[in-house]
Amino acid sequence: QEQLHEFGGGSVQAGDSLTLSCTASGVTFTDRSIMAWFRQAPGKERESVAAITWNGGDTWYAEDVKGRCTISRDNAENTVYLQMNSLKPDDTAVYYCAAGAPNNVRIGSQYTYWGRGTTVTVSS
């Protein structure tokens, strides 16, 4: 059974840091595989946060998180991380991990596997 499982969500104060992790089980990674983080804030559409190529570790970030977030991966553990610093209330959302071989890393529908999400709440 293929699945992704996110960990690390919680309630924090503005300015705090938080690191999310996502572990893939039963997923075969190839040289085309990409893992990514998306988020969906209350009442808003899902948006891309960051992505990383499994093979080379090349990264992409949404403009509104660039400089505050770092995506990384541990291939041996089939795990991807999202380190978030200087969190703001606008970062409050359900964060989802995704995996697949998209041709555009920012398009969620092009990913094959999704986690259930982990909630991040940032209070002012």
Side-chain angles (χ1 to χ4, degrees):
Q1 181 180 35
E2 310 93 346
Q3 60 181 343
L4 307 179
H5 194 179
E6 303 96 338
F7 302 89
S11 181
V12 299
Q13 298 291 322
D16 284 353
S17 297
L18 197 64
T19 298
L20 308 180
S21 63
C22 171
T23 298
S25 300
V27 176
T28 300
F29 291 94
T30 72
D31 57 358
R32 298 177 60 194
S33 294
I34 292 174
M35 294 191 72
W37 289 95
F38 290 77
R39 68 185 182 186
Q40 186 166 14
K44 297 185 178 180
E45 299 294 324
R46 180 180 61 191
E47 63 179 2
S48 175
V49 177
I52 186 168
T53 63
W54 196 248
N55 186 38
D58 298 321
T59 59
W60 296 263
Y61 297 95
E63 290 298 323
D64 57 346
V65 304
K66 189 176 298 182
R68 299 191 297 118
C69 294
T70 301
I71 187 171
S72 61
R73 84 274 195 257
D74 184 337
N75 296 62
E77 298 294 332
N78 289 346
T79 300
V80 64
Y81 303 91
L82 181 68
Q83 178 183 325
M84 301 183 290
N85 303 317
S86 302
L87 285 164
K88 304 180 293 184
D90 286 347
D91 294 317
T92 295
V94 178
Y95 285 72
Y96 298 93
C97 178
N103 52 43
N104 186 326
V105 301
R106 303 295 178 86
I107 301 178
S109 62
Q110 295 187 4
Y111 288 81
T112 302
Y113 308 103
W114 289 86
R116 294 180 297 175
T118 185
T119 300
V120 174
T121 301
V122 184
S123 301
S124 61

Got a second to check how far [X]'s [atom1] is from [Y]'s [atom2], nearest 0.5 Å?
| X | Y | atom1 | atom2 | value |
| --- | --- | --- | --- | --- |
| S72 | Q83 | OG | CD | 7.5 Å |
| D64 | S48 | CG | OG | 9.5 Å |
| N103 | R32 | CG | CZ | 8.5 Å |

Taking E47 first and then R39, would you say they form a salt bridge - that is, a charged N and a carboxylate O separated by under 4.0 Å?
yes
Does the distance from a Lys or Arg side-chain N to an Asp or Glu carboxylate O, for K44 and D90, drop under 4.0 Å?
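No, this pair does not count.
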Cluster companions of I107 among Ile, Leu, Val, Met, Phe, Trp, Tyr (side-chain spacing under 4.5 Å):
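Its cluster partners, ordered by chain and number, are none at all.
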Could you check whether any side-chain N or O of [X] sits under 3.5 Å from a backbone N or O of [Y], counting only pairs where one atom can act as donor and the other as acceptor?
| X | Y | answer |
| --- | --- | --- |
| T59 | I52 | no |
| E6 | G117 | yes |
| R73 | N55 | yes |
| T118 | G9 | yes |

Shortest non-hydrogen contact from V105 to P102?
CA-CG, 4.1 Å
Can you sort out the partners of [X] under ring-ring contact (aromatic ring centres under 6.0 Å, His included), two or more places apart, ordered by chain and number?
| X | value |
| --- | --- |
| Y95 | none |
| Y111 | F38 |
| F7 | H5 |

Indicate if V49 and L87 have the same hydrophobic cluster label, given that clusters are the connected sets of ILVMFWY residues with side-chain heavy-atom separations under 4.5 angstrom.
yes
Linked, directly or transitively: W60 and Y96 (ILVMFWY side chains, under 4.5 Å)
yes
Are the side chains of [X] and [Y] in touch, meaning some heavy atoms are under 4.5 Å apart?
| X | Y | answer |
| --- | --- | --- |
| M84 | V120 | yes |
| R68 | D91 | yes |
| V80 | C97 | yes |
| I71 | Y61 | yes |

Quiz item: cation-pi between R46 and W37, 6.0 Å / 45°:
no
Table please: side-chain donor-acceptor pairs of residues 12-29 below 3.5 Å, with sequence neighbours left out.
unit_1 : atom_1 : unit_2 : atom_2 : d
D16    : OD2    : Q13    : N      : 3.0
S17    : OG     : N85    : OD1    : 3.0
T23    : OG1    : T79    : OG1    : 3.2

Given side-chain contact (heavy atoms from CB on, under 4.5 Å), test L82 with C69 step by step and report yes or no.
CA-CA 7 Å; L82 181 68; C69 294; 4.1 Å; yes
Could you tell me which residues satisfy side chain to side chain donor-acceptor pair (under 3.5 Å) with E45, sequence neighbours excluded, listed by chain and number?
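By the side chain to side chain donor-acceptor pair (under 3.5 Å) rule, E45 matches no residue at all.
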For W54 and N78, run side-chain contact (heavy atoms from CB on, under 4.5 Å): C-alpha distance rounded to whole Å, both residues' side-chain angles, the deciding distance at 0.1 Å, then the answer.
CA-CA 9 Å; W54 196 248; N78 289 346; 3.9 Å; yes
